[in-house]
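Residue indices begin at 1 and follow the sequence shown.
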Amino acid sequence: MSVKVVRNSKFRHVFGQPQKKENCYDNIRITKSSWDSTFCCVNPKFLAIITEAAGGGAFLVMSIDKVGRVDRDVPLVVGHKATVLDIAWCPHNDNLIASASEDCTIKVWEIPDGGLSKNLTDCVADLVAHQRRVGVINWHPSAHLVLLSAGSDNKIFIWNVATAEIFTEISIHTDTIYSAVWNYNGSLIVTSCKDKMLRLFDPRTGKLLKDGKGHTATKPMRALFMKDGRIFTTGFSRTGERQYALYDGESLECLIMEELDNSNGLLFPFYDEDTNMIYLCGKGDSAIRYFEYTSESPYIHYLNTHQSSDPQRGMGWMTKRGLNVNNCEISKFYKLHNSGLCEVITMTVPRKSELFQEDLYPDTAAQQAAISAEEWFTGKDADPVMMSLKDVFLANQSQKEQKSGGSVLRQASRRIAEMGKPGQRDSANSEIQSASMSRLNMSSLKPPLSNPSNSNTPSHEPSPQPQGTNGNSNASYTPNALYTVGVEADMFTKLQEEIKRMKIIVKGHEKRIKTLEDRLNEMNMNYDDEDD
């Protein structure tokens with residue numbers, strides 16, 4: 001009898017949740033280009049989408065919080081003379097975006113805070129060297145303003161964007177370059193090519209370090225580096241099945257290769273270096289598959305699939321800095337529909353705790369660059385600067401509490417502190433007295449408990465009943481009479497209820513501790529008996 005063992009993973013129950021249409025972006029003229037690109041790029045500030053344009057190339061940039069229907073005359077970035085093929089936000093400056101076009105140029109644009117108010121035509125850097133269309137661009141992960149570009153002239157250039165100069169030229173490829181990506185610290189690049197080969201390069205010298213066979217079909221193949229240096233690829237078999245594979249980062253030896261299905265859309269891989277999760281989004285598919293990567297065989301573990309009814313034309317992926325960590329979001333996708341809708345899909349780990357989930361959010365790449373372009377070119381390597389998302393969590397939590405007023409205990413603490421300040425105590429007392437007066441004037445209250453014959457006699461003894469303006473007591477006294485009317489009433493009642501709940505919890509823990517202590521004493525006694 002065989003027993004099926006379910007692999008233990010904290011991401012096993014991750015689920016995708018599409019946002020409501022009013023929280024998405026609609027009426028966008030998405031490009032109809034047949035180029036194999038995601039057509040969308042997003043960061044915590046802005047959303048960028050390549051759009052259809054007559055007589056040139058354009059793409060839309062808008063503030064991430066401007067959801068809803070997009071105006072037909074919305075401002076665009078319109079500096080290219082031909083169709084835009086790829087766009088990429090700078091990881092070290094949320095206002096800088098690079099674009100590659102069929103006009104053989106790469107341009108870098110600076111987007112003002114708040115988004116565009118008119119069409120943007122002037123770029124901050126114009127990188128011209130390719131002789132044919134440019135279809136791939138990628139920013140260096142840790143060096144400031146270093147950009148990689150690959151074109152249909154089968155050449156790769158490494159640029160210093162600040163000076164618009166070329167660091168390195170790589171011209172070894174003999175056919176179309178499908179993808180070119182950096183490793184974790186930017187010391188290597190790997191390329192996939194139409195000649196079915198994977199190639200590993202030193203980006204400073206352009207030297208070919210290693211090459212090896214990839215997927216067997218000539219259809220587009222994508223490659224990316226894992227954090228530990230291995231290489232993950234997506235492609236096609238000779239008979240047309242879609243595949244993914246994992247290769248050794250030094251020898252380019254294939255470790256595993258698995259078939260997925262028979263669809264013909266290119267698989268775009270997205271890799272989360274913090275959680276080691278891989279997301280596969282097929283062009284024309286209506287599903288997002290996600291896997292978990294481990295360093296031991298079988299390496300790639302299937303987790304689940306987010307299925308929807310509409311096919312995806314393109315896909316954007318939010319960096320960790322733009323996620324809602326208070327809701328346990330571990331990923332967020334921006335799915336482009338053929339209808340012009342950009343749908344937001346969040347990937348969430350279901351957890352009930354409202355505390356910061358450190359196991360889900362290890363330190364992630366910060367916006368700060370680790371080294372300058374000159375330092376990197378002279379041979380210095382550095383991992384990306386890391387930041388903790390706990391500060392983001394606490395800031396969101398504080399903002400949420402300010403909107404809701406905070407917990408009952410915090411409200412009470414603030415109120416007590418205010419009552420202790422000069423000038424605030426009198427105000428608080430007047431509120432309580434007003435509440436008490438309004439209570440005394442209510443005719444529905446019960447008759448007094450004290451002897452009415454003594455109600456008009458002044459007394460210096462503490463009286464258990466409040467006095468009206470006419471000197472007559474006409475309200476029954478309760479210990480909390482001053483807190484039963486007005487603004488203080490709800491707070492006082494909630495505070496009492498919360499204290500009761502806390503006492504019940506503490507009492508339960510005390511019983512549990514007592515049980516554990518008794519069990520421990522029994523174990524000690526048994527141990528002593530065995531020694532005797």
Is [X] reaching over with its side chain to a backbone N or O of [Y], donor-acceptor style, under 3.5 angstrom?
X      : Y      : answer
Trp159 : Glu165 : no
Ser101 : His80  : no
Ser372 : Glu375 : yes
Thr378 : Glu374 : yes
Asp71  : Asp73  : no
Thr305 : Arg289 : no

Any side-chain donor near an acceptor of the partner, [X] and [Y], under 3.5 Å:
X      : Y      : value
Thr294 : Glu296 : no
Gln17  : Thr348 : no
Asp381 : Asn185 : no
Ser179 : Ser192 : yes
Lys45  : Asn95  : yes
Tyr184 : Ser187 : no
His337 : Gln312 : no
His140 : Trp376 : yes

Give the minimum heavy-atom separation between [X] and [Y], together with the two atoms involved.
X      : Y      : result
Asn119 : Val74  : OD1-O, 4.3 Å
Gly151 : Ile177 : O-CD1, 4.5 Å
Gly79  : Lys107 : O-CE, 3.7 Å
Arg313 : Thr31  : NE-O, 2.8 Å
Lys210 : Ser251 : CE-O, 3.5 Å
Arg238 : Thr216 : N-OG1, 2.9 Å

Counting only heavy atoms not in [X] (residues, nucleotides, ligands), do more than 12 fall under 6.0 Å from its [atom1]?
X      : atom1 : result
His306 : NE2   : yes
Asp359 : CG    : yes
Glu354 : CD    : no
Glu52  : CD    : yes
Glu250 : CD    : no
Arg351 : CZ    : yes
Lys219 : NZ    : yes

Exercise. Step by step, would you call His301 with Ser9 a side chain to side chain donor-acceptor pair (under 3.5 Å)?
Worked result: CA-CA 10 Å; His301 306 272; Ser9 171; over 6 Å; no
Problem set entry | Verdict with reasoning, Trp35 to Thr83, per side-chain contact (heavy atoms from CB on, under 4.5 Å) | CA-CA 10 Å; Trp35 185 253; Thr83 305; over 6 Å; no
Exercise. Side chains of Tyr271 and Met226: does their closest heavy-atom pair fall under 4.5 Å?
Worked result: yes
For this session: Decide yes or no on ring pair (Phe, Tyr, Trp, His ring centres under 6.0 Å) for His173 and Phe201, but give the supporting numbers first.
Result: CA-CA 11 Å; His173 297 85; Phe201 292 95; 5.4 Å; yes
Using a strict cut-off of less than 4.0 Å between a Lys/Arg side-chain nitrogen and an Asp/Glu carboxylate oxygen, indicate whether [X] and [Y] qualify as a salt bridge.
X      : Y      : value
Asp202 : Lys207 : no
Asp274 : Lys320 : yes
Arg199 : Asp195 : yes
Lys390 : Asp363 : no
Asp153 : Arg133 : no
Asp310 : Lys335 : no
Asp248 : Arg230 : no

Exercise. According to the interplanar angle, ranging from 0 to 90°, do the rings of Tyr247 and His215 count as parallel (below 30°), tilted (30 to 60°) or perpendicular (above 60°)?
Worked result: perpendicular
Please determine which of [options] meets the side chain to side chain contact (heavy atoms under 4.5 Å, CB included) test together with [X].
X      : options                    : result
Met62  : Asp65, Ile64, Leu60        : Leu60
Trp317 : Phe270, Tyr334, Phe268     : Phe270
Thr51  : Ile30, Val78, Val77, Leu76 : Leu76
Phe291 : Leu280, Leu303, Asn304     : Leu280

For this session: Give the intermediate values and the outcome of side-chain contact (heavy atoms from CB on, under 4.5 Å) for residues Lys21 and Asp26.
Result: CA-CA 8 Å; Lys21 195 169 183 179; Asp26 200 5; 3.2 Å; yes
Exercise. Does the side-chain contact (heavy atoms from CB on, under 4.5 Å) test come out yes or no for Thr105 and Leu127, once each step is laid out?
Worked result: CA-CA 6 Å; Thr105 65; Leu127 312 178; over 6 Å; no
For this session: Starting from the C-alpha separation in whole Å, work towards a yes-or-no answer on salt bridge (charged side-chain N to carboxylate O under 4.0 Å, His left out) for Arg242 and Glu259.
Result: CA-CA 6 Å; Arg242 290 198 296 191; Glu259 294 182 356; over 6 Å; no
For this session: Please report the C-alpha distance between Phe46 and Trp89 in whole Å, then the side-chain angles of each, then the deciding distance to 0.1 Å, and finally whether the ring pair (Phe, Tyr, Trp, His ring centres under 6.0 Å) criterion is met.
Result: CA-CA 9 Å; Phe46 301 106; Trp89 288 105; 5.6 Å; yes
Exercise. Yes or no on side-chain contact (heavy atoms from CB on, under 4.5 Å) for Leu147 and Phe167, after CA distance, side-chain angles and deciding distance?
Worked result: CA-CA 10 Å; Leu147 183 69; Phe167 274 154; over 6 Å; no
For this session: Starting from the C-alpha separation in whole Å, work towards a yes-or-no answer on ring pair (Phe, Tyr, Trp, His ring centres under 6.0 Å) for Phe333 and Tyr279.
Result: CA-CA 10 Å; Phe333 290 92; Tyr279 302 86; 5.1 Å; yes
